[in-house]
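A quick write-up on the structure given underneath.
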Amino acid sequence: MPQCAEHGDSGTVVYMGDQLRDELLRRSARDQQVRHQWLEQQTVDSITVREVDADNTARLAEIIDEHGWPGHTLVGTDGAHAAWLLAQHATPDYQQAWIDLLREAVDRQEATERDLAYLDDRVLLHQNLPQRYGTQRFGIGNQTSRLWPLADRERVNLWRSEIGLSPLDNCDLDQAWRFDELRHIRDNTPENTVEAPRQPSSRFRD
């Protein structure tokens, strides 16, 4: 992959793309680790997760400001996927700012359509709009986590198949939230019982 070379103090050649890739992979591994500790082991709290996310978001913003979206050519396929994971857990304002950059990277074959689908659905969720690919789930209070409302129940599995995502089963589709019931439940549910949007981890995201 084409990369800029820098000379370290010892005279060794250090490649910028390799450095960025290694950093993105470390940060994405930490992202997954802290979520496992929070959700599965209960050894950290949500404040720790938010701190990790904030640090990752700030660093990804610096990388994007300097290099644009870190795509396959610069940081490799796994590095680009790691960048997506950090963006997926960024705040909505950053996600909105970066979605078009990721879309352009996909057009240049510098990122995957699957990663774009997940971030696009997340942005739509935060805008209170129906999702296209069915990647996002939402829970309220004691309600079972269910698919965020779908743009087109009949075509969602076609759209998923076009980008290599496995189909959603009919039970999931039938139980997807509708906006009218979401409004009713949320209007009658204490704010602190509303869950954050859910998605599978990058290792089990289908």
field: Lys/Arg N to Asp/Glu carboxylate O, Glu40 vs Arg35, below 4.0 Å
entry: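 Result for this pair is no, no salt bridge flagged.
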- request: Identify whether the distance between the nearest side-chain nitrogen and carboxylate oxygen of Arg26 and Glu23 falls below 4.0 Å.
  value: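 Salt bridge: no.
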task: Just jot down the salt bridge (Lys or Arg N to Asp or Glu O under 4.0 Å) partners of Asp100, sequence neighbours excluded, or say none.
output: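 Residues passing salt bridge (Lys or Arg N to Asp or Glu O under 4.0 Å) with Asp100: Arg103.
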message: Does atom CD (Gln109) have a neighbourhood of more than 12 heavy atoms from anything else shown, all under 6.0 Å?
response: no
If only side-chain N and O atoms count, and only distance matters, is there a donor-acceptor pair under 3.5 Å linking [Y] with [X]?
X: Gln96; Y: Gln127; value: yes
X: Arg30; Y: Gln33; value: yes
X: Asp115; Y: His81; value: yes
X: Asp31; Y: Ser28; value: no

Using the rule that two of Ile, Leu, Val, Met, Phe, Trp, Tyr join whenever any of their side-chain heavy atoms come within less than 4.5 Å, decide whether [X] and [Y] are in one cluster.
X: Val106; Y: Trp69; value: yes
X: Ile63; Y: Leu85; value: yes
X: Leu24; Y: Leu101; value: yes
X: Tyr94; Y: Leu124; value: no
X: Trp98; Y: Val123; value: yes

field: Worked check of side-chain contact (heavy atoms from CB on, under 4.5 Å) between Asn56 and Val52
entry: CA-CA 6 Å; Asn56 284 339; Val52 170; 3.6 Å; yes
Given 3.5 Å as the limit, does a donor-acceptor pair link the side chain of [X] with the main chain of [Y], or not?
X: Gln42; Y: Leu39; answer: yes
X: Gln131; Y: Gln136; answer: yes
X: Trp177; Y: Phe138; answer: yes
X: Arg160; Y: Tyr133; answer: yes
X: Arg122; Y: Gln88; answer: yes
X: Glu110; Y: His72; answer: yes
X: Asp180; Y: Arg183; answer: no

query: Quick one: does Arg108's side chain get under 4.5 Å of Glu104's, heavy atoms only?
result: yes
query: Would you say the side chain of Val75 lies within less than 4.5 Å of the side chain of Asp18, judging by non-hydrogen atoms?
result: no
Let me confirm one number: the [atom1]-[atom2] distance from [X] to [Y], rounded to the nearest 0.5 Å.
X: Thr57; Y: Arg27; atom1: OG1; atom2: CZ; answer: 9.5 Å
X: Gln95; Y: Leu102; atom1: CD; atom2: CG; answer: 11.0 Å
X: Gln175; Y: Asn170; atom1: CD; atom2: CG; answer: 11.0 Å
X: Arg137; Y: Leu147; atom1: CZ; atom2: CG; answer: 4.5 Å
X: Leu60; Y: His89; atom1: CG; atom2: NE2; answer: 12.5 Å

message: Trp148 and side-chain contact (heavy atoms from CB on, under 4.5 Å): which single residue from Asp121, Asn128, Leu129, Thr135 fits?
response: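 Per the side-chain contact (heavy atoms from CB on, under 4.5 Å) rule, the option paired with Trp148 is Asn128, out of Asp121, Asn128, Leu129, Thr135.
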query: Taking the six-membered ring of Trp159, is NZ or CZ of Arg132 closer than 6.0 Å to its centre and within 45° of its axis?
result: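 Output yes; distance and angle both within limits.
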message: Checking Asp55 against Arg50 for the salt bridge (charged side-chain N to carboxylate O under 4.0 Å, His left out) test, could you report, in this order, the C-alpha distance in whole Å, the side-chain angles of both residues, the deciding distance, and whether it holds?
response: CA-CA 9 Å; Asp55 183 62; Arg50 288 196 294 271; over 6 Å; no
message: Let's go through Thr91 and Asp53 carefully: what are the C-alpha distance in whole Å and the side-chain angles of both, what is the deciding distance for side-chain contact (heavy atoms from CB on, under 4.5 Å) to 0.1 Å, and is it a yes or a no?
response: CA-CA 9 Å; Thr91 53; Asp53 288 347; over 6 Å; no
field: Inter- and intrachain pairs under salt bridge (charged side-chain N to carboxylate O under 4.0 Å, His left out), touching residues 139-159, at least two apart
entry: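 For residues 139-159: Arg146-Glu181, Arg153-Asp174.
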message: For a quick test of reading the model, state the closest non-hydrogen atom pair linking Gly134 to Val156 and the distance between them.
response: N-CG2, 4.0 Å
